[in-house]
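Below: the structure, in structure tokens.
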Amino acid sequence: MIELSHVSRQFGTFRAVDDVSFSIPTGQIVGLLGPNGAGKTTTMRMITGFLKPTGGTILIDGTDITEQPVAAKQKIGYMPESAPLYSDMIVADYLAYVAEMQGVDAATKVPELCAQCGLKEVMHKNIGELSRGYRQRVGLAHALMNDPEILILDEPTSGLDPNQIEDVRSLIKEIGKTRTVIISTHILSEVEMICGRVIIIAKGRLVADNPTAELRERYGHNAAVFVQAGGVSGKALAEALAAVTGVESAAASECEAVAGEAETGAALVSAKDDAEIRPAIARTIAEKGWSLYELSIRRNSLEDVFHELTAASPADGKETADAN
């Protein structure tokens with residue numbers, strides 16, 4: 001369990017995190033999102049004890065991270081975006097070294113993490129010779145060394161190939177069954193696949209904290225109908241469809257040209273009170289003598305919600321450097 005109560009962090013006169021409160025129970029995977037400079041990495045660094053809050057309290061399973069930092073940190077595994085590894089050490093030696101520092105039986109734990117994190121092929125190599133993807137895996141193995149109750153991952157799949165990304169996502173899902181996991185990433189589709197809950201921070205303040213599906217419903221736009229037709233411009237198509245019964249609004253949209261059509265237009269159409277408008281749209285296009293190429297539902301994504309909640313959040317150089 002992680003509990004933040006009215007947590008703030010100042011960097012001189014700049015407030016990077018401003019009165020943030022939330023709690024995360026065991027067995028929950030949470031995506032921590034925000035634009036560059038929003039304060040999400042500062043928040044993670046305070047949770048892990050790397051930074052001291054200017055105000056508020058952070059409890060790790062009831063232990064105050066400021067008052068009892070050693071006891072609290074023993075419950076946490078942390079992998080920053082750029083894992084601070086010793087590049088001149090062999091992977092196997094590095095993991096054994098980490099195990100020894102943390103009082104873990106290296107003979108048992110290192111082979112287990114080697115298999116779990118897919119490191120078998122590089123155990124004999126210097127860390128400095130590894131690709132970024134494999135360095136990320138070594139960092140993840142480091143974070144898991146002491147079987148932490150809480151795992152905090154900053155951009156865990158950065159630099160991985162598609163197969164490695166899938167492996168890491170599966171691993172995170174498995175870990176999340178028995179641990180509290182916080183993931184910070186810019187890959188919003190990844191959050192939708194892995195996280196059951198999303199916390200969004202903008203300009204240092206909490207702007208959303210909801211289950212992933214509920215977040216889309218609560219903050220996102222209603223599902224819209226995408227229409228592509230031949231023989232008409234997007235503007236004319238939108239104007240015609242705006243007059244259809246049940247349509248609330250219609251706006252021209254971009255689309256790819258269709259071979260053989262002199263003109264191709266598209267529109268994004270929203271319905272009043274979730275009315276079924278597709279048959280009426282199809283009839284209108286047929287009556288106009290246009291060719292219908294696509295008529296499909298476009299549901300809002302987490303990316304839509306993210307843009308809506310954070311569009312007004314600036315990120316200048318200092319904020320990005322100090323507060324990201």
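- A distance-only check finds a donor-acceptor pair linking the side chain of D64 to the backbone of T66 [under 3.5 Å].
- The shortest distance between side-chain heavy atoms of D154 and M44 falls below 4.5 Å.
- Atom CE of residue M46 and atom OG1 of residue T57 lie 11.5 Å apart, to the nearest 0.5 angstrom.
- Residues V17 and S8 are not in side-chain contact: their nearest non-hydrogen atoms beyond the backbone lie 4.5 Å or more apart.
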K125/I90 under side chain to side chain contact (heavy atoms under 4.5 Å, CB included): CA gap, chis, key distance, verdict:
CA-CA 5 Å; K125 293 185 177 181; I90 292 173; over 6 Å; no

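- Nearest heavy-atom pair, E121 versus H124, reported as atom, atom and distance to 0.1 Å: O-CE1, 3.1 Å.
- E261 pairs by the salt bridge (Lys or Arg N to Asp or Glu O under 4.0 Å) definition with nothing, not counting sequence neighbours.
- Remark: F50 pairs with Y78 by the ring pair (Phe, Tyr, Trp, His ring centres under 6.0 Å) rule, at least two apart or across chains.
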Tell me, with the steps shown, if N210 and E214 meet side-chain hydrogen bond (donor to acceptor under 3.5 Å, both in side chains).
CA-CA 6 Å; N210 300 86; E214 182 183 309; 3.0 Å; yes

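- Here the shortest heavy-atom pairing between L32 and K40 reads CD2-O, 3.7 Å.
- Side chains of V225 and I281 form a contact here, defined as non-hydrogen atoms less than 4.5 Å apart.
- Of all heavy-atom pairs spanning F22 and L206, the tightest one is CD2-CD1, 4.5 Å.
- Y134 pairs with exactly one of I127, L119, V91 by the side-chain contact (heavy atoms from CB on, under 4.5 Å) rule, that one being L119.
- Considering every non-hydrogen atom in both R278 and L295, the closest pair reads O-CD2, 3.7 Å.
- Counting heavy atoms from C-beta outward, M1 and S23 have side chains that approach closer than 4.5 Å.
- One distance of note links OG1 of T43 with CG of L4; it measures 7.0 Å at 0.5 Å rounding.
- A donor-acceptor pair under 3.5 Å is formed between the side chain of R137 and the backbone N or O of C117.
- Within 6.0 Å of CD on E276 lie more than 12 heavy atoms contributed by other residues, nucleotides or ligands.
- When every heavy atom of A143 is checked against every heavy atom of L151, the shortest pair comes out as CB-CD1, 3.8 Å.
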Just do the side chain to side chain contact (heavy atoms under 4.5 Å, CB included) check on E149 and D61 with the steps written out, would you?
CA-CA 9 Å; E149 298 172 25; D61 282 344; 2.3 Å; yes

Trace of the side-chain hydrogen bond (donor to acceptor under 3.5 Å, both in side chains) decision for S21 with S5:
CA-CA 5 Å; S21 298; S5 179; 4.7 Å; no

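- Listed by first and then second residue, the ring-ring contact (aromatic ring centres under 6.0 Å, His included) pairs that reach into residues 143-181 come to none, sequence neighbours excluded.
- Put simply, the side chain of E190 reaches to within 4.5 Å of the side chain of I165, judged on heavy atoms.
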What donor-acceptor contacts under 3.5 angstrom involve side-chain atoms of residues 92-108, with partners at least two apart or in another chain?
residue : atom : partner : partner atom : Å
Y94     : OH   : H142    : ND1          : 2.7
Q102    : OE1  : N146    : N            : 3.4
D105    : OD1  : A107    : N            : 3.3
D105    : OD2  : T108    : OG1          : 2.9

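- Using a 4.5 Å cut-off on side-chain heavy atoms (C-beta onward), I183 and I29 make contact.
- Distance alone, capped at 3.5 Å, places no donor-acceptor pair between the S253 side chain and the L268 backbone.
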Less than 3.5 Å apart, which donor and acceptor atoms pair up between the side chains of residues 226-245 and the rest of the protein, not counting sequence neighbours?
residue : atom : partner : partner atom : Å
Q228    : NE2  : E256    : O            : 2.9
S233    : OG   : A236    : N            : 3.1

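- No side-chain donor from either of T157 and Q136 sits under 3.5 Å from a side-chain acceptor of the other.
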Where do V198 and F306 land on the side chain to side chain contact (heavy atoms under 4.5 Å, CB included) test, with the steps shown first?
CA-CA 10 Å; V198 176; F306 181 85; over 6 Å; no

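- Interatomic distance, CG of L140 versus CD1 of I172, reported as 7.0 Å (0.5 Å rounding).
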Checking R179 against D147 for the salt bridge (Lys or Arg N to Asp or Glu O under 4.0 Å) test, could you report, in this order, the C-alpha distance in whole Å, the side-chain angles of both residues, the deciding distance, and whether it holds?
CA-CA 9 Å; R179 295 176 173 87; D147 283 324; 3.3 Å; yes

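- Taking the side chain as every heavy atom from C-beta outward, T264 and C255 approach each other to under 4.5 Å.
- Going from atom OG1 of T54 over to atom CZ of R15 covers 7.0 Å, rounded to the nearest 0.5 Å.
- The side-chain heavy atoms of I201 and L33, taken from C-beta on, include no pair separated by under 4.5 Å.
- E67 CD to I65 CD1: the interatomic distance, rounded to the nearest 0.5 Å, is 11.0 Å.
- The structure places CG of L153 at 9.5 Å from CD1 of I182, a figure rounded to the nearest 0.5 Å.
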Worked verdict on D209 versus R197 for salt bridge (Lys or Arg N to Asp or Glu O under 4.0 Å):
CA-CA 7 Å; D209 180 1; R197 174 181 167 192; 2.7 Å; yes

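- Remark: side-chain polar atoms of R9 are not paired, donor with acceptor, to backbone N or O of D18 under 3.5 angstrom.
- Partners of E155 according to the salt bridge (Lys or Arg N to Asp or Glu O under 4.0 Å) rule, which considers only residues two or more places apart in sequence or in another chain, do not exist here.
- In this structure, P53 and G56 approach most closely via the heavy-atom pair CB-O, 4.4 Å.
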